[in-house]
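Notes to accompany the following structure.
As a basis for the values below, the full set of heavy atoms in this structure was taken, side chains included, without hydrogen atoms, waters or symmetry mates.
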Amino acid sequence: MPPVVTMQPTMFDNGSQRLESRLVFLDDVFVAVLTHIGAEHSGARSGKWLLKVGCGPCETAAKEPPSFQDPQEASEWFAAIAARTGRFTDPAESGSFVSRG
C-alpha cells in the first residue's frame, strides 16, 4: 500500500517574517516542513514551496534544498521517497527515525 502523505497548514517564523507553511507527515510520521516563498520575493523560487526542514530520508544535504510548484508536487516527491526507501511502512517497529538530540 502506498504511503499516505498529509500536510497540516501552519505558519513558520524565520525571525523577520511569518511564512505560510505545511508540516508534512508520511503515514502519521513527521518528516518535513515546507514554506511558501511568496510572489513578493524576487528570484527563481518566488511563488514556490521550499523544503525548509527534512527528517530521516527526507533530509537533504544539497546546497539548494528542493522547491516545488505547489503542495501537490511536494506530496508526490515525499511519496516517491517513502516508496523508494520503504522507511514509513511501520515506523513504530522499523526504528526508522533516530533522534539527533
Side-chain angles (χ1 to χ4, degrees):
M1 185 159 110
V4 176
V5 178
T6 56
M7 294 189 186
Q8 177 182 344
T10 189
M11 297 301 285
F12 181 83
D13 188 337
N14 70 1
S16 62
Q17 61 186 346
R18 290 174 53 112
L19 302 170
E20 180 183 5
S21 302
R22 299 287 187 272
L23 300 178
V24 182
F25 299 86
L26 285 171
D27 290 340
D28 296 324
V29 176
F30 172 76
V31 294
V33 175
L34 293 176
T35 58
H36 186 245
I37 306 303
E40 67 275 6
H41 297 280
S42 61
R45 294 183 175 210
S46 176
K48 293 187 177 182
W49 288 83
L50 177 69
L51 177 66
K52 190 68 173 174
V53 176
C55 301
C58 297
E59 183 177 12
T60 178
K63 184 175 182 178
E64 292 290 324
S67 61
F68 310 96
Q69 293 298 322
D70 53 44
Q72 179 59 40
E73 182 183 25
S75 290
E76 293 166 6
W77 186 80
F78 289 113
I81 289 174
R84 184 176 66 244
T85 64
R87 302 253 328 250
F88 300 99
T89 55
D90 192 351
E93 294 180 13
S94 69
S96 61
F97 287 96
V98 177
S99 173
R100 296 184 185 265

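Here salt bridge (charged side-chain N to carboxylate O under 4.0 Å, His left out) pairs that include residues 12-21, with residues two or more places apart or in two chains, are Glu20-Arg22. Residue pairs that meet the salt bridge (charged side-chain N to carboxylate O under 4.0 Å, His left out) test with at least one member in residues 45-57, sequence neighbours left out, are Arg45-Glu64.
Once rounded to the nearest 0.5 Å, the distance linking CD of Gln8 with CZ of Phe25 reads 5.5 Å.
Two different hydrophobic clusters hold Trp77 and Leu50 under the rule that ILVMFWY side chains link at heavy-atom gaps under 4.5 Å. Under the 4.5 Å side-chain heavy-atom criterion for ILVMFWY residues, a single connected hydrophobic cluster contains both Val24 and Phe68.
Side chain of Ser21 to main chain of Leu19: a donor-acceptor pair is present (N/O by atom type, distance under 3.5 Å, no hydrogens or angles).
Considering only heavy atoms from C-beta on, Pro71 comes within 4.5 Å of Trp49 through its side chain.
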For residues 28-38, please give each side-chain donor-acceptor pair under 3.5 Å, one per line with the distance, not counting sequence neighbours.
from	atom 1	to	atom 2	distance (Å)
His36	NE2	Gly47	O	3.3

